[in-house]
There are 2 protein chains.
Amino acid sequence: MATLKYSRQREAIKEFLAGTKEHPTADTVYMHVREEFPRISLGTVYRNLNLLADIGEITKITTPDGGDRFDAVTNPHYHVICTSCGRVIDLEMEPLDSIDKLAEKCFDGYIDHHTALFYGTCRDCMKKNTK
Amino acid sequence: MATLKYSRQREAIKEFLAGTKEHPTADTVYMHVREEFPRISLGTVYRNLNLLADIGEITKITTPDGGDRFDAVTNPHYHVICTSCGRVIDLEMEPLDSIDKLAEKCFDGYIDHHTALFYGTCRDCMKKNTK
DNA sequence: TTTGTTGCAAACCTTTTGCAGTCAT
DNA sequence: ATGACTGCAAAAGGTTTGCAACAAA
């Protein structure tokens with residue numbers, strides 16, 4: 001297996017991701033990292049995001065619309081997607097690990113873990129819609 | 001708003017979907033419906049799948065890998081994805097609607113509903129791996 | 001006749017990949 | 001020197017869309 005080698009590009013990607021709570025898409029990461037590395041390519045961004053996700057330093061979030069999103073927070077947590085503005089927001093709630101066992105009782109096989117995505121409206125959008 | 005008009009192609013798509021538990025991708029639907037309608041186009045399949053999903057007659061399931069999958073079963077239920085064979089399998093478990101309220105306590109906004117995807121190994125793959 | 005639907009093809013968007021050159025070790 | 005990493009560009013999915021012909025109402 002390949003030994004990891006230092007790269008400024010990868011460092012910049014990690015740094016940008018660590019500094020935002022916006023769960024950016026690969027393209028958004030690309031746009032921002034490009035300010036520091038104007039010649040970085042989108043391919044490099046994807047390669048590094050996938051690499052970091054593989055070794056567990058970041059998380060990849062699959063959403064129904066648009067592309068995947070990335071999160072520097074790796075401890076398990078749920079997300080809310082605001083159906084009004086499309087933002088993906090962290091949910092400050094303990095994941096319900098116990099439901100894996102619950103699910104296993106209803107499933108012919110083994111359940112390892114789960115992901116959940118909540119759909120709702122964030123405060124900002126609720127305000128806008130009342131105005 | 002547009003009034004729906006009958007179409008044999010749409011009927012065939014609904015029928016095929018109703019007759020399988022495999023949660024096929026659009027392409028798989030295309031392959032099968034093409035046996036009855038050799039000239040049907042993939043575009044038509046997509047248009048109808050999206051239309052049916054929009055009016056709530058079928059469900060679209062977003063998975064991390066490959067394309068979206070479609071399900072004729074519209075009453076809310078969870079799915080298990082077998083990390084070994086990639087199949088998407090129905091989970092015969094009541095959705096935990098109560099966790100929406102739980103989640104709302106931890107979220108600054110309104111929570112409407114949620115989806116969940118469990119990751120595990122189906123019985124068939126567990127057998128294969130022991131052999 | 002009106003209008004939704006279809007087949008076809010082109011376009012789109014996100015993501016991956018082959019390659020030659022570069023950089024970290 | 002070795003092998004990982006990069007930029008570039010091309011390609012590969014998966015999905016949408018414009019258009020003229022067609023079919024349901």
Side-chain angles (χ1 to χ4, degrees), chain A residues 1-17 22-55 57-71 81 86 88 117, chain B residues 1-17 22-55 57-71 81 86 88 117:
Chain A
M1 99 225 204
T3 313
L4 217 48
K5 224 169 241 185
Y6 172 88
S7 110
R8 314 142 172 255
Q9 288 88 337
R10 179 154 59 233
E11 232 31 53
I13 289 168
K14 279 171 65 174
E15 215 166 279
F16 169 67
L17 219 47
E22 295 298 313
H23 309 90
T25 61
D27 199 69
T28 306
V29 173
Y30 171 59
M31 292 304 190
H32 280 86
V33 175
R34 203 152 60 145
E35 290 169 15
E36 190 183 350
F37 293 89
R39 306 188 63 89
I40 197 173
S41 77
L42 192 50
T44 296
V45 172
Y46 271 105
R47 269 184 294 236
N48 278 303
L49 287 172
N50 285 334
L51 188 158
L52 292 169
D54 284 346
I55 63 177
E57 291 204 21
I58 66 173
T59 306
K60 191 191 278 199
I61 308 166
T62 302
T63 62
D65 32 47
D68 288 343
R69 289 160 170 278
F70 297 88
D71 191 342
I81 182 162
V88 175
L117 192 54
Chain B
M1 97 226 203
T3 313
L4 217 47
K5 224 170 244 187
Y6 173 87
S7 109
R8 314 142 170 255
Q9 287 90 335
R10 181 155 56 232
E11 236 24 60
I13 289 168
K14 279 171 65 174
E15 215 167 279
F16 169 67
L17 220 48
E22 295 299 313
H23 309 89
T25 61
D27 198 69
T28 307
V29 173
Y30 171 59
M31 292 304 191
H32 280 84
V33 174
R34 203 153 59 146
E35 289 169 15
E36 190 183 348
F37 294 89
R39 307 188 62 90
I40 198 174
S41 77
L42 193 48
T44 297
V45 172
Y46 271 105
R47 270 185 292 235
N48 278 303
L49 287 173
N50 285 335
L51 188 158
L52 291 169
D54 284 347
I55 63 178
E57 290 206 21
I58 66 173
T59 306
K60 189 191 280 201
I61 308 166
T62 302
T63 63
D65 32 48
D68 289 344
R69 289 159 170 279
F70 297 88
D71 191 343
I81 182 160
V88 174
L117 191 54

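Proteins come first, then strands; the chains are lettered A, B, ... in the order of their sequence lines, and each starts at number 1. Computed from a prediction, not measured in an experiment: that's the story for all the values here.
Atom CD of E11(A) is separated from atom C1' of dT6(D) by 16 Å (rounded to the nearest Å). Rounding to whole angstrom units, OH of residue Y30(A) and P of dT15(C) are separated by 14 Å. dC13(C) atom P lies 17 Å from atom CG of D68(B), rounded to whole Å. For L4(B) and dT5(C), the CG to C1' distance is 10 Å, given to the nearest whole Å. The CZ atom of R8(B) sits 6 Å away from the P atom of dA24(D) (whole-angstrom rounding). Distance Y46(A) OH to dT6(D) P: 16 Å, rounded to the nearest Å. One interatomic measurement links the two molecules: CZ of R10(B) to P of dG7(C), which rounds to 12 Å at whole-angstrom precision. Here dT16(D) presents its C1' atom at 13 Å from CG of L49(B), a figure rounded to the nearest Å.
The side chain of S41(B) places no N or O atom within less than 4.0 Å of a non-bridging phosphate oxygen (OP1 or OP2) of dT6(C). In this model, the phosphate group of dA25(D) is not approached by any side-chain N or O of T3(B) to a distance below 4.0 Å at OP1 or OP2. The phosphate of dT5(C) has neither OP1 nor OP2 within less than 4.0 Å of any side-chain N or O from N48(B). An OP1 or OP2 oxygen of dC23(C) is reached within less than 4.0 angstrom by no side-chain nitrogen or oxygen of Q9(A).
A heavy-atom distance below 4.5 Å is found between the side chains of L51(B) and R10(B). Between I55(A) and L4(A) the shortest side-chain heavy-atom distance falls below 4.5 Å. With contacts defined as side-chain heavy-atom distances shorter than 4.5 Å, the pair T62(A)/L117(A) does not qualify. V33(A) is not listed as a side-chain neighbour of T44(A), based on a closest heavy-atom distance of 4.5 Å or more.
Between dG7(C), dT15(D), dC5(D), one nucleotide has an atom nearer to the side chain of I40(B) than all others, and that is dG7(C).
Residue order along DNA chain D, read from the 5' end via each residue's closest nucleotide, puts F70(B) first among S7(B) and F70(B). When each of L42(B) and Y6(B) is assigned the nucleotide of DNA chain D with its nearest heavy atom, L42(B) is the one assigned upstream, toward the 5' end.
Judged purely by distance below 3.5 Å, without hydrogens or angles, the side chains of K60(A) and N50(A) pair a donor atom with an acceptor atom.
Among the protein residues, G66(A) comes within range of no part of the nucleic acid, since none of its heavy atoms lies under 4.0 Å from any strand. At a threshold of 4.0 angstrom between heavy atoms, the contacts of D27(B) with the nucleic acid are absent.
In terms of polar N and O atoms assigned as donor or acceptor, the side chain of K5(A) never comes within less than 3.5 Å of the base of dA4(D) in a complementary pairing. Side-chain N/O atoms of R47(A) and base N/O atoms of dG18(C) include a donor-acceptor pair closer than 3.5 Å.
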